[in-house]
Amino acid sequence: MSFLDLKNVTKIYPNGTKAVHETSLSVDEGEFMVFVGPSGCGKSTLLRMVAGLEDITEGDINLDGQLINEVDPSERDIAMVFQNYALYPHMNVYNNLAYGLKNRGIDKETIEQKVNDAAKLLQISDFLQRKPSMLSGGQRQRVAMGRAIVRNPKIFLFDEPLSNLDAKLRIQMRLEIKKLQQKVGVTSIFVTHDQVEAMTLADRLAVINNGIIEQLGTPIEIYNNPESLFVAGFIGSPQMNFLDANLNNKTLSAENFEIKNIDSDYNGEVTLGIRPEHLIESENGLINLKVELVEQLGSDNLVYGQIKNIKDFCYRSPGNQTIKKGDTLSLNIEENKYYIFDKNTGKRVNQI
Amino acid sequence: MTRLITSGFSHFILFIGILIMIVPVWMIFASSTHTGLTINTHGLQMFLGDSFYENYMRVLLYQGGFFKEITALKMFLNSFIMATGVAILSVITSLMAAYALVYYRTKYATLLFWIIFVTILVPLELRIFPTYSVMAELNLVNSYFGLIVPISASAIATLFFRQFYKTVPDELLESAKLDGANTWRFFVDFLVPLSKTMIVAMLIFMFVFGYNQYLWPLLVTSSEQYWTVVMGLKMMSGSIVHRFAFVLMSMVPPILIIIVLQKHFIKGVFQDK
Ligand SMILES: Nc1ncnc2c1ncn2[C@@H]1O[C@H](COP(=O)(O)OP(=O)(O)OP(=O)(O)O)[C@@H](O)[C@H]1O
Ligand SMILES: [Mg+2]
């Protein structure tokens, strides 16, 4: 059994909403697990069940070899960082950090030692006497982290802790969280709906949709090998392009091109997925893209255009190319980078 | 120029208002420093006389009542004990009641709250006889306990605390739980300090409420030992100047409480968060 073990966990809210369906998941000790998915897919619910803030309707959760279904949150030895930080407004930063330790009956000197260590690690030593209302967003974020770290819990839970920060600070804090987690080595679960955040932070990623884990794996596995239409569309930026097509006898026929020798025995209607970065310009390519918009990012360009009836088809071109609106590009798909999904079930049908 | 005139005019109106409120009080005060004879022969006085010390000392120390067992000083003490007791007890009970109503997720919390709320519409006087019987039954007539406890459950204070607790974000409770706080610790370490200003405001409200009680203390005390100031206003005998002095002094404790705590009071009632 691994460090944290969820077995067939289901959550049905009293009003009948089924937020999590029979989910099983193992997290190893020291691992950084990220739950990613669109709004309302049940990420927070899953996390809150681990924390003990929501009852488990069905299933078992084991933490460190102990069944914790019925264990009170205060007894679970778990720390959580909330989206709005939930700092204690009437306590200064020092007491915010110290409160959890006091409740565990730790003596004063040890508390002081631990709080000061954590404060130093997070560079908040200068604000220990301030109230949370006198701190900036980023500083509050650090205090919230400090409150989690100082207790040295079995597991850290983060529920979208970066979404209240501005873009630049978010990237900086993302980096710091990752570094900090590697340094402290505490098992962590991080919830986000931002796929870039998910990719950069995760040791392993759980892509959740409608209360189900659609795919579980390292970020690169999931990026390279999405098992469903949903995962393919969710992971990767800019988003994967999708085209309707037909698969018959290992031949894929889309509106204006064909690909032969597909590694699949499936026959029927499919959706073809192509990542913008898997397209290359070449003479007599499969796809003719009529350019409508070019976003120049410096390192590369995002080219949006139309192929026949499909709008907003995206191609990522090297930054040194000059492409203008109105150009027509001839594109090929990189060898074996076609993602083919059953149109009805959304399951991938070809091997890569 | 017109602005000067309008502002001068509004100041004039305000000034009139102040006069209307202050002058009677001042007249009572001025009159209370004269001898009874002066008032009886020359009517109310606008200017200070020279019997201030004599009149006020006589009021404070005079053995009043039918049995001559009570002084005004003792009445002030009684009133103070009663008002303080009512204030503290009702704040404690409503803090706890509100806590249970908001945080114990019983199905009936809302119903219970409305039942409590409806009692605001029922005047104290309506239940005063049954309450008296209970107190008599328990042998608590003529005691501070009997004076204080039956009027120390405040629906209004409960309402205020409940509304305040409802604005406390859930994450705070959850965060505290994960930090190892149990139900009691969350109450003591979070809700009580967070509602500090509101507690002060409620203490003032309930102090004044307790201080102003008339019918209940009248009913539940037969011994003069337990007379309160407000009862004394009615019972006090003696010359008109002594009554004036007593009336004025009876206004002092509530005013004093409000002046001392007004900063918190205003903050507490109009707290924006
Ligand atoms: N207390 C509740 N009672 C009933 N339904 C709820 C409750 N909390 C959440 N839900 C429902 O459960 C589903 C999952 O909610 P959850 O908060 O886990 O989503 P999420 O993935 O965290 O979304 P977001 O990214 O917006 O935070 C949603 O459909 C939501 O409406
Ligand atoms: Mg959420």
Side-chain angles (χ1 to χ4, degrees), chain A residues 14 44 47-55 68 71-92 95-106 111 131-133 140 143-151 153-161 164, chain B residues 91 95-96 98-111 160-161 163-203 263-265 267-273:
Chain A
S44 297
L47 194 74
R48 290 165 57 81
M49 284 193 286
V50 174
L53 301 173
E54 296 288 352
D55 294 332
I68 57 168
V71 179
D72 196 73
S74 57
E75 308 286 324
R76 288 192 186 193
D77 198 10
I78 281 175
M80 185 156 167
V81 179
F82 293 82
Q83 177 171 353
N84 62 7
Y85 317 139
L87 299 180
Y88 309 141
H90 57 298
M91 297 184 192
N92 63 19
N95 284 322
N96 262 280
L97 297 195
Y99 186 69
L101 298 173
K102 280 183 195 158
N103 278 335
R104 279 174 174 69
I106 296 170
I111 291 180
K131 292 269 175 71
S133 57
R140 283 178 208 187
V143 176
M145 294 280 304
R147 201 169 60 181
I149 284 174
V150 76
R151 271 180 32 211
K154 285 185 183 151
I155 188 160
F156 282 164
L157 306 178
F158 300 87
D159 194 351
E160 309 202 22
N164 282 356
Chain B
V91 164
L95 266 171
M96 292 182 153
Y99 183 46
L101 285 174
V102 175
Y103 287 96
Y104 288 12
R105 288 186 192 148
T106 72
K107 263 185 283 182
Y108 308 109
T110 317
L111 180 72
F160 269 92
F161 286 125
Q163 295 317 99
F164 174 71
Y165 290 168
K166 290 210 156 227
T167 66
V168 173
D170 283 345
E171 283 89 353
L172 208 60
L173 171 66
E174 294 172 346
S175 210
K177 267 192 198 164
L178 290 171
D179 254 349
N182 57 25
T183 319
W184 173 248
R185 287 249 70 91
F186 180 67
F187 181 62
V188 175
D189 293 342
F190 289 82
L191 292 181
V192 172
L194 283 173
S195 43
K196 205 169 61 194
T197 50
M198 188 162 284
I199 288 175
V200 173
M202 286 303 138
L203 280 175
K263 219 172 69 192
H264 297 286
F265 178 76
K267 254 205 255 163
V269 176
F270 300 107
Q271 224 167 20
D272 48 5
K273 255 197 187 171

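Within every chain, numbering begins at 1; the chains are lettered A, B, ... in the order of the sequence lines, protein sequences first and strands thereafter.
Residue A:Ile78 holds its CD1 atom at 13.0 Å from NZ of B:Lys177, rounded to the nearest 0.5 Å.
Closest approach of B:Ala181 and A:Tyr99 over heavy atoms only: CB-OH, 3.5 Å. Nearest heavy-atom pair across A:Pro89 and B:Leu194 is CG-CD2, 3.7 Å.
Comparing A:Ala86, A:Ala79, A:Ala51 by heavy-atom pairs within less than 4.5 Å of chain B, the highest count is held by A:Ala86. Counting heavy-atom pairs under 4.5 Å between each of B:Leu178, B:Asp170, B:Leu172, B:Asn182 and chain A puts B:Leu178 at the top.
For A:Leu87, the part sitting under 4.5 Å from any heavy atom of chain B is the backbone (N, CA, C, O) and nothing else. If you measure heavy-atom distances from A:Phe82 to chain B, the contacts under 4.5 Å come from the side chain alone. Within the 4.5 angstrom heavy-atom criterion, only side-chain atoms of A:Arg104, from C-beta onward, approach chain B. Using a 4.5 Å cut-off between heavy atoms, A:Asn84 contacts chain B through its side chain alone, with no backbone atom that close. For chain A, the nearby parts of B:Asp189 are the backbone and the side chain; heavy atoms of each come within less than 4.5 Å.
No side-chain donor-acceptor contact under 3.5 Å links B:Arg185 and A:Ser74.
Within the 4.5 Å cutoff, no side-chain heavy atoms of A:Met91 are placed close to those of B:Pro193. Residues A:Tyr85 and B:Glu171 have side chains not in contact (no heavy-atom distance under 4.5 Å, counting atoms from C-beta outward).
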*Applying side-chain contact (heavy atoms from CB on, under 4.5 Å), run through B:Glu174 and A:Arg48 and close with a yes or a no.*
CA-CA 10 Å; B:Glu174 294 172 346; A:Arg48 290 165 57 81; 2.7 Å; yes

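One finds no salt bridge joining A:Lys102 and B:Asp179 here, because no Lys/Arg side-chain nitrogen approaches an Asp/Glu carboxylate oxygen to under 4.0 Å.
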